[in-house]
Amino acid sequence: MSPGGGGGERQVFLWLRFVYQSDLIHYLGLSHHLIALNFIIITFGKKGAWSSAHVKVTDTDFDGVEVRVFEGSLKPGESLKRGLVFIHGGGWALASARIRYYDELCAAVAEELNAVVVSIEYRLVPKVYFPEQIHDIARATKYFLQPKVLQKYMVDPARIGISGDSAGGNLAAALGQQFVQDANLKPKIKLQALIYPVLQALDFNTPSYQQNSHTPILPRYVMVKYWVDYFKGNYDFVQAMIVNNHTSLDVEEAAALRARLNWTSLLPASITKHYKPVVPTTGNARIIQEIPQLLDARSAPLIADQEVLQLLPKTYILTCEHDVLRDDGLMYAKRLESAGVDVTLDHFEDGFHGCMIFTSWPTDFSVGIRTRNSFIKWLDQNL
Ligand SMILES: *[C@@H]1O[C@H](CO)[C@@H](O)[C@H](O)[C@H]1NC(C)=O
Ligand SMILES: *[C@@H]1O[C@H](CO)[C@@H](O)[C@H](O)[C@H]1NC(C)=O
């Protein structure tokens with residue numbers, strides 16, 4: 001991690017303390033730990049609707065799903081704007097389109113691209129579980145794509161993208177796959193931009209999971225717990241999943257999928273380094289039996305069929321070196337490329353998970369600003 005701003009590091013570590021404290025809350029049985037953590041995040045950072053000379057911000061709902069809409073101003077000489085659907089991260093359980101971090105990111109995109117950004121306030125764990133989050137974002141996005149709605153917001157139907165970070169990148173990738181398989185859906189999505197996305201739950205021992213298993217912000221066990229929570233699963237499985245006991249060789253259900261995330265063939269030697277695959281001979285077959293959703297491509301877009309991948313639009317994937325999820329992104333980029341999709345991989349050697357939202361005081365990391373600029377520049381050139 002390479003903090004650029006003075007108070008940034010302190011702020012991040014305070015935030016991490018909340019993560020561990022919320023575990024304590026859970027242990028003590030005071031409340032669902034995610035509700036407690038989310039309460040802390042939102043209490044300190046929620047922002048009301050606002051407007052500036054360049055961006056108009058409105059809270060409304062699209063077919064019953066809450067959204068925050070950021071309307072950039074029309075570019076001189078143009079009659080329509082570009083559109084972007086944005087899905088915030090937070091382990092399917094935390095944060096909000098209305099917290100300062102996401103509000104600022106979406107406002108910057110709307111202003112710099114003269115675009116309309118729809119940031120979806122989908123429902124979170126523990127209110128709803130997989131696949132309800134996907135249903136929420138699909139419903140809101142389909143509503144937005146209607147001709148009369150696009151017309152109202154002056155959005156060009158040929159220039160609409162979907163994007164999200166972390167668990168939001170997971171949902172954006174799932175939505176992308178759902179939409180390309182929906183023949184009735186018009187207009188088509190022009191591109192997808194995935195920021196350090198979560199893409200699979202079958203291998204928690206990719207080189208990046210091994211390398212960053214104790215990296216702050218997102219240690220491996222926290223990511224595995226987010227997965228278990230997303231499926232309303234049993235925490236007793238977490239330790240077994242960390243050693244890949246849920247996808248051991250004797251678990252037949254996982255056998256066919258293993259090749260799709262075989263990082264010894266998908267990733268170059270500069271990434272795999274000295275790391276060895278963790279494929280136990282025997283494990284715990286009960287895990288997949290109790291949580292079959294682990295093998296569902298809607299939760300793990302990386303394992304989708306090649307026939308689905310080849311339908312996907314132009315794709316941007318941002319990855320960070322200091323992130324357990326780095327290889328999820330790298331493997332998806334590789335599978336998409338092999339399927340003939342035009343992919344831009346944007347890797348940050350000094351990046352860490354979540355860095356793009358830490359761009360303003362007191363969490364103003366230089367890599368946060370560089371990742372954000374790079375993401376916006378790619379959108380500007382491709383949307
Ligand atoms: C993984 O599975 C093996 C074989 O069933 C078992 O011996 C081992 O204790 C398990 N590890 C964990 C962490 O659950
Ligand atoms: C993974 O790829 C390596 C190298 O190509 C190969 O030797 C191995 O059999 C593959 N494993 C699976 C499960 O596909």
Side-chain angles (χ1 to χ4, degrees), residues 19-20 23 26-27 33 91 177 198-215 218-297 299-310 317 319 324-341 343 345:
V19 174
Y20 297 111
D23 253 7
H26 182 63
Y27 177 73
H33 74 291
Q177 294 185 2
V198 188
L199 295 167
Q200 59 88 23
L202 277 69
D203 185 354
F204 293 118
N205 290 277
T206 60
S208 61
Y209 264 110
Q210 294 189 44
Q211 178 179 302
N212 299 291
S213 60
H214 298 292
T215 299
L218 192 61
R220 174 167 56 186
Y221 87 92
V222 171
M223 188 63 237
V224 177
K225 284 177 92 171
Y226 282 139
W227 274 114
V228 170
D229 272 323
Y230 189 27
F231 302 134
K232 208 179 180 183
N234 185 342
Y235 280 156
D236 293 347
F237 293 148
V238 169
Q239 289 309 321
M241 288 166 69
I242 284 174
V243 298
N244 285 350
N245 264 6
H246 59 311
T247 51
S248 55
L249 289 177
D250 59 337
V251 176
E252 279 167 25
E253 296 91 328
L257 299 172
R258 218 170 270 121
R260 299 184 182 182
L261 60 153
N262 181 356
W263 51 262
T264 55
S265 62
L266 290 171
L267 301 179
S270 59
I271 289 288
T272 58
K273 297 199 180 95
H274 60 280
Y275 295 105
K276 297 271 171 298
V278 175
V279 189
T281 315
T282 59
N284 183 349
R286 246 185 67 213
I287 302 176
I288 295 287
Q289 281 156 18
E290 286 192 22
I291 319 180
Q293 303 95 312
L294 284 162
L295 305 183
D296 190 325
S299 78
L302 176 62
I303 61 174
D305 294 340
Q306 165 104 358
E307 292 70 48
V308 175
L309 299 186
Q310 69 195 16
I317 300 178
T319 54
V324 289
L325 301 174
R326 179 196 68 186
D327 298 342
D328 282 25
L330 295 180
M331 287 192 281
Y332 200 44
K334 183 71 188 177
R335 285 205 70 210
L336 289 176
E337 259 170 28
S338 306
V341 175
V343 182
L345 186 61

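First listed ligand is number 1; within each ligand, the first listed atom is number 1. Numbers for residues simply follow the sequence, beginning at 1.
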* Is there a donor-acceptor pair closer than 3.5 Å between any side-chain N or O of His246 and the backbone N or O of Ala201? -> yes

* Got a sec, which pairs hit side chain to side chain donor-acceptor pair (under 3.5 Å) with one end in residues 247-257, sequence neighbours left out? -> Ser248-Asp250

* Backbone N/O of Val278 and side chain of Asn205: donor-acceptor pair under 3.5 Å -> no

* Asked: Does the side chain of Tyr332 come within less than 4.5 Å of Gln200's, by heavy atoms?
  -> no

* Structure fact -> Counting from 1 in the order shown, the ligand 2 atoms closer than 4.0 Å to a non-hydrogen atom of Ser265 are 2 (O), 5 (O)

* Find out whether Trp263 and Asp327 are in side-chain contact, i.e. whether some heavy atom of one side chain is under 4.5 Å from a heavy atom of the other. => no

* List for me each residue that meets salt bridge (Lys or Arg N to Asp or Glu O under 4.0 Å) alongside Glu290, sequence neighbours excluded, and say none if there are none. => Arg286

Which pairs of N or O atoms, one from ligand 1 and one from the protein, are separated by less than 3.5 Å, and what is the distance for each pair?
unit_1, atom_1, unit_2, atom_2, d
ligand 1, 2 (O), Asn245, OD1, 3.3
ligand 1, 2 (O), Asn245, ND2, 2.3
ligand 1, 5 (O), Gly283, O, 3.1
ligand 1, 11 (N), Asn245, ND2, 2.9

* Mind checking salt bridge (Lys or Arg N to Asp or Glu O under 4.0 Å) for Asp305 and listing every partner two or more places apart, or none if nothing turns up? => Arg260

* Are any of the N or O atoms of Arg258 closer than 3.5 Å to those of ligand 2? -> no

